[in-house]
S.K.: 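A single structure is presented below for examination.
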2 protein chains.
Amino acid sequence: MSQRGPYAKGVAKREEILGRALEIVARQGYRGASVQVIADAVGLSQAGLLHYFGSKEELFTAILRKRDELDHLSRAAPSDPRDARDAFVQVIAHNSEVPGLVELFSRLAVEAADPEHPAHAYFLERGEVLRETIVATLAQLRRPPALPPETLARIVQAAADGLQLQWLLDPTVDMAATMEALLNALAQEGHP
Amino acid sequence: MSQRGPYAKGVAKREEILGRALEIVARQGYRGASVQVIADAVGLSQAGLLHYFGSKEELFTAILRKRDELDHLSRAAPSDPRDARDAFVQVIAHNSEVPGLVELFSRLAVEAADPEHPAHAYFLERGEVLRETIVATLAQLRRPPALPPETLARIVQAAADGLQLQWLLDPTVDMAATMEALLNALAQEGHP
DNA sequence: GTCTATAAGACGATAGAC
DNA sequence: GTCTATCGTCTTATAGAC
């Protein structure tokens, strides 16, 4: 059904390109990556690549969306709070393997401040979904928390993003361990 | 003494330029600010401006250093933990008034991941000083904390940086209030 | 759908006059 | 110390052939 229709082939090819572009950025890093570099890496000309993605910004936004998809981040989190926590920490641990994606994410997070940027909506939506997941997970823990759940969720999200900046600067920083420590402290906390 | 010597005038002028450049970026925002734009704003030609700063990257790094200086961030924090907390929160609150500086900081934080970048050392040093200050302040609170002080300091720093990204994306986010909530929760926490 | 070719511009940096 | 002028590079985007 969804594989038929006039665009099926184009969409499939687009996904294939996206997958390879993702690997390239993840492995070789995002060194101010240009459309040309990605095009070479996926075996297309620059114009050929931009045929599938309207512009550079849309291309990189699509890469980030694809990454979330592969990270299962668009799915609902596990219902058991500890499983949800572990899944979150594992995504962060995996990020250490893909510095180029972390750099791309951080860079676009700044550029997407402009409401006209194609990634603006992406970051807004992603943040909301992430925080909602955190709130839902927190709701299953001991109550009442010391802070409003929405505030806690913002802090956890901020910590995750900020740890990426620290890790980019100094790769000896252990993002996953630090986040796990924070989440464990949050899980144990609350007024008796 | 330090105002004499062959470089005194050049240094003074450099500082003057820096102060104006800081205002420009703070007020008009960093919109992919180029050397040209800053030069126009401070009333110099592009080459004239680069005479004082060797390169674009050094110029922007100097702006960030100047900002820290004006924020009294290079000084020792107040000895009373509550005063230290308030000072920290006030710096964050003030950041809401200077979006261009927040954007510049966040952007350079990513670019400075490259050890060759002129801002690399700046961000490393700034992070260390900030975390040491946080650790010293935490040491004056109830003990023992639920987490190692160094870990807590990393989390607080990460939260501050991450909140900036959230705020750039959505200016209705209250960075100062969120950070204050986090710090208050940390101050009250600990094993009885 | 994919290419070549090129437009069209921005930018940082430097040379050299004054 | 400050300028003008220019170089050289890199970039995205598009036009048009196949």
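Below, chains carry the letters A, B, ... as their sequence lines are ordered, and counting in each starts from 1. This is a predicted model, so every value here is computed, not measured.
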S.K.: What is the distance from CG of Leu49(B) to C1' of dT4(D), rounded to the nearest Å?
M.R.: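 So the two atoms are 16 Å apart, to the nearest Å.
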S.K.: Please give, in whole Å, the distance from dT2(C) P to Phe53(A) CZ?
M.R.: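 The answer, rounded to whole Å, is 12 Å.
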S.K.: Taking side chain to side chain contact (heavy atoms under 4.5 Å, CB included) as the criterion, tell me which of Arg126(B), Arg131(B), Glu125(B) meets it with Glu128(B).
M.R.: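 Running side chain to side chain contact (heavy atoms under 4.5 Å, CB included) over Arg126(B), Arg131(B), Glu125(B) with Glu128(B) returns exactly one hit, Arg131(B).
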S.K.: Quick one: are Trp167(B) and Pro99(B) in side-chain contact, heavy atoms under 4.5 Å?
M.R.: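 When only atoms from C-beta onward are counted, Pro99(B) and Trp167(B) do touch, with a gap below 4.5 Å.
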S.K.: For His51(A) and dT2(C), what is the distance between atoms NE2 and C1' respectively, to the nearest whole Å?
M.R.: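 Between C1' of dT2(C) and NE2 of His51(A): 8 Å.
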S.K.: Roughly how many Å is it from CD1 in Ile17(B) to C1' in dC3(D), rounded to a whole number?
M.R.: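 Spelled out: CD1 on Ile17(B) to C1' on dC3(D) is 14 Å.
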S.K.: Which of residues 100-111 of chain A sit near DNA chain C, with a heavy atom under 4.0 Å from it?
M.R.: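 By residue number: none to list.
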S.K.: Could you tell me the separation between the CZ atom of Arg67(B) and the NE2 atom of His94(B), rounded to the nearest 0.5 Å?
M.R.: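 Rounded to the nearest 0.5 Å, the CZ-NE2 separation comes out at 9.0 Å.
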S.K.: Consider only side-chain heavy atoms of I, L, V, M, F, W and Y, link residues closer than 4.5 Å, and tell whether Val89(A) and Leu141(A) are in one cluster.
M.R.: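 Same cluster: Val89(A) reaches Leu141(A) through Ile, Leu, Val, Met, Phe, Trp or Tyr contacts under 4.5 Å.
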S.K.: Aromatic contact between Phe105(B) and Tyr122(B), with the criterion being ring centroids under 6.0 Å apart: yes or no?
M.R.: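 Not close enough - the centres of the two rings lie 6.0 Å or further apart.
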S.K.: Residues in side-chain contact (heavy atoms from CB on, under 4.5 Å) with Arg107(A), at least two apart?
M.R.: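 Scan of Arg107(A) (side-chain contact (heavy atoms from CB on, under 4.5 Å), adjacent residues dropped) gives Tyr30(A), Glu103(A), Glu111(A), Val110(B), Glu111(B).
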S.K.: Produce a footprint string for nucleotides 6-18 of chain D: one letter per nucleotide, 5' end first; B if the base is under 4.0 Å from any protein heavy atom, S if only the sugar-phosphate is, - if neither.
M.R.: ------BBB----
S.K.: Could you check whether Gln90(A) and Asp86(A), counting side-chain N and O atoms only, form a donor-acceptor pair closer than 3.5 Å?
M.R.: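 Gln90(A) and Asp86(A) do not have a side-chain donor-acceptor pair below 3.5 Å.
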S.K.: Under 3.5 Å, is there a donor on one side chain and an acceptor on the other for Glu180(B) and Asn184(B)?
M.R.: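 Looking only at side-chain atoms, Asn184(B) and Glu180(B) do not form any donor-acceptor pair under 3.5 Å.
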S.K.: Write down the distance between CD1 (Ile38(B)) and P (dC11(C)), rounded to a whole number of angstrom.
M.R.: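 Atom CD1 in Ile38(B) sits about 12 Å away from atom P in dC11(C).
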